There are 2 protein chains.
Amino acid sequence: MRSYKHPAIEDVRLEDVFYALSDPVRLEIVNRLARKGEATCAALDGGRPKSSMSHHFRVLRDAGLVQTRNEGVQAINSLRRDELDRCFPGLLAVVLTLAA
Amino acid sequence: MRSYKHPAIEDVRLEDVFYALSDPVRLEIVNRLARKGEATCAALDGGRPKSSMSHHFRVLRDAGLVQTRNEGVQAINSLRRDELDRCFPGLLAVVLTLAA
DNA sequence: TCGCATGTTCTAGTTTATACGAACAAATGA
DNA sequence: TCATTTGTTCGTATAAACTAGAACATGCGA
């Protein structure tokens with residue numbers, strides 16, 4: 001459980017972001033992270049297996065939406081708000097408004 | 001070449017819209033339609049085969065993004081701007097700004 | 001009526017997701 | 001040191017997408 005790859009936000013394509021958001025589970029994750037600020041993977045599984053959640057978080061990381069850091073034994077996830085706002089101004093706000 | 005299925009905009013889920021926009025070809029189509037207002041399928045193929053374009057337009061229709069009507073032998077496509085703005089306020093504007 | 005143009009539908013092939021169990025890695029605490 | 005917890009990685013099975021050719025339907029003009 002160590003070393004996550006986070007792409008430079010400039011390398012993220014708009015299509016990648018849309019793709020990441022096209023799955024209900026991931027859209028829910030983004031929505032929850034926006035409200036909670038941070039959350040572990042386990043806190044957001046809906047009874048889904050760990051491997052499935054790990055997969056979805058990875059897609060979100062690859063799309064530049066989520067950043068993950070380790071804290072002890074757990075992984076803390078949060079949105080890359082500032083960077084997203086800089087590179088895709090307005091997008092996150094609309095997504096969070098509509099997904100709420 | 002007749003009778004297209006256009007879902008009621010209320011039945012369209014946000015994920016469906018994101019999914020439709022997650023393909024570069026389709027994002028390009030949406031972008032072009034926004035500028036041109038209307039266009040036939042043939043006008044927007046980039047040398048791609050007709051069947052591929054037909055597929056992408058169908059995905060866009062199913063996601064509520066595009067409406068198609070027949071005019072003689074050709075199919076005229078356009079964005080469902082007003083309906084999208086009503087059901088997903090702000091979304092199209094952001095998409096078109098960022099995809100430009 | 002015949003031929004042409006525009007798209008759709010069908011089908012197949014290849015690729016790409018998704019889901020999930022099992023094995024594994026790392027950190028923590030007993 | 002050993003068991004526990006959290007999450008990753010691997011392998012595999014199933015489902016869905018993308019691409020594209022071929023056949024087909026429709027409308028129009030010659």
Side-chain angles (χ1 to χ4, degrees), chain A residues 1-7 12-30 32-33 36 38-78, chain B residues 1-7 12-30 32-33 36 38-78:
Chain A
M1 218 160 352
R2 202 162 52 193
S3 80
Y4 298 96
K5 280 183 195 162
H6 295 105
V12 174
R13 294 175 311 167
L14 186 57
E15 305 95 282
D16 301 332
V17 176
F18 287 144
Y19 166 70
L21 295 174
S22 71
D23 182 284
V25 176
R26 292 193 292 263
L27 195 54
E28 173 74 9
I29 291 174
V30 168
R32 296 272 202 85
L33 286 180
K36 293 173 177 257
E38 297 188 327
T40 63
C41 299
L44 300 185
D45 68 3
R48 270 172 280 271
K50 300 184 293 178
S51 55
S52 293
M53 294 309 288
S54 187
H55 162 72
H56 286 304
F57 275 103
R58 194 165 73 77
V59 173
L60 288 169
R61 273 195 299 274
D62 291 348
L65 284 164
V66 165
Q67 57 193 342
T68 308
R69 71 174 197 279
N70 282 113
E71 199 151 300
V73 75
Q74 46 196 6
I76 313 281
N77 302 280
S78 57
Chain B
M1 217 157 353
R2 202 161 52 193
S3 79
Y4 298 95
K5 280 184 195 163
H6 296 104
V12 174
R13 294 174 314 166
L14 186 58
E15 305 96 282
D16 300 332
V17 176
F18 286 144
Y19 166 69
L21 296 174
S22 71
D23 183 284
V25 176
R26 291 193 293 263
L27 194 54
E28 172 75 10
I29 290 174
V30 169
R32 295 272 201 86
L33 286 180
K36 294 174 176 254
E38 297 187 328
T40 63
C41 298
L44 300 185
D45 68 2
R48 270 173 280 269
K50 301 184 292 179
S51 56
S52 293
M53 294 309 288
S54 187
H55 162 70
H56 286 303
F57 275 103
R58 194 165 72 78
V59 173
L60 288 169
R61 273 195 300 272
D62 291 347
L65 283 163
V66 165
Q67 57 194 343
T68 308
R69 71 172 197 280
N70 282 112
E71 198 150 301
V73 77
Q74 48 196 7
I76 313 282
N77 302 280
S78 58

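Residue numbering restarts at 1 for every chain, and letters A, B, ... go by the order of the sequence lines. In this text, all values refer to a predicted model and were calculated from it rather than measured experimentally.
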Under the salt bridge (Lys or Arg N to Asp or Glu O under 4.0 Å) test, residues paired with [X] that sit two or more places apart:
X: B/D45; answer: none
X: B/D16; answer: B/R13
X: A/R48; answer: none
X: A/R69; answer: A/E38, A/E71

> Nearest heavy-atom pair of A/V17 and A/A63: which atoms, and what distance?
Replying inline: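 Smallest heavy-atom distance, with atoms named: CG2-O, 3.8 Å.
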>> Give me the atom names and distance for the closest heavy-atom approach of A/F18 to B/L27.
In response: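 Heavy atoms of A/F18 and B/L27 come nearest at CE1-CD1, 4.1 Å.
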Whole Å only: how far is the [atom1] atom of [X] from the [atom2] atom of [N]?
X: B/L27; N: D/dC18; atom1: CG; atom2: C1'; value: 16 Å
X: A/L44; N: D/dG7; atom1: CG; atom2: C1'; value: 13 Å
X: B/L60; N: D/dC18; atom1: CG; atom2: P; value: 10 Å
X: B/N70; N: D/dA25; atom1: CG; atom2: P; value: 16 Å
X: A/Q74; N: C/dG29; atom1: CD; atom2: C1'; value: 14 Å
X: B/E71; N: C/dG7; atom1: CD; atom2: C1'; value: 15 Å
X: B/K5; N: C/dT8; atom1: NZ; atom2: C1'; value: 13 Å
X: B/M53; N: D/dC18; atom1: CE; atom2: C1'; value: 13 Å

> Does B/Y4 have a side-chain nitrogen or oxygen under 4.0 Å from the phosphate oxygens OP1 or OP2 of C/dT8?
Replying inline: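 It does, given that an N or O in the side chain of B/Y4 lies less than 4.0 Å from OP1 or OP2 of C/dT8.
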>> When you measure from the side-chain N and O atoms of B/H56 to the phosphate of D/dT19, is any distance below 4.0 Å, counting only OP1 and OP2?
In response: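 Yes, because at least one side-chain N or O of B/H56 sits under 4.0 Å from OP1 or OP2 of D/dT19.
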> Where the side chain of A/V73 is defined as all heavy atoms beyond and including C-beta, which of D/dG7, D/dT6, C/dT8 is the nearest nucleotide?
Replying inline: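 In terms of side-chain proximity for A/V73, the closest of D/dG7, D/dT6, C/dT8 is D/dT6.
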> Please, which pairs that meet salt bridge (Lys or Arg N to Asp or Glu O under 4.0 Å) have at least one residue in residues 54-67 of chain B, sequence neighbours excluded?
Replying inline: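 Non-adjacent pairs meeting salt bridge (Lys or Arg N to Asp or Glu O under 4.0 Å): B/R58-B/D62.
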Collect all protein-nucleotide pairs involving nucleotides 1-3 of chain D in which both atoms are nitrogen or oxygen and the distance is under 3.5 Å.
none

> How would you list, by chain and number, every residue that makes a side chain to side chain donor-acceptor pair (under 3.5 Å) with A/S78, sequence neighbours excluded?
Replying inline: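 With neighbours one apart ignored, the set is A/Q67.
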>> Please compare B/F57 and A/R48 by the position of their nearest nucleotide in DNA chain C and report the one closer to 5'.
In response: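 This one resolves to B/F57.
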> Which sits closer to the 5' end of DNA chain C, A/P49 or B/A43, going by the nucleotide each is nearest to?
Replying inline: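 The 5'-side residue here is B/A43.
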> Excluding sequence neighbours, so at least two apart, what forms side-chain contact (heavy atoms from CB on, under 4.5 Å) with B/H55?
Replying inline: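 In terms of side-chain contact (heavy atoms from CB on, under 4.5 Å), with neighbours along the sequence ignored, B/H55 is linked to B/R26, B/V59.
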Atom pairs under 3.5 Å, N or O on each side, protein against nucleotides 9-17 of chain D: can you list them with distances?
| unit_1 | atom_1 | unit_2 | atom_2 | d |
| --- | --- | --- | --- | --- |
| D/dA17 | O3' | B/Y19 | OH | 2.9 |

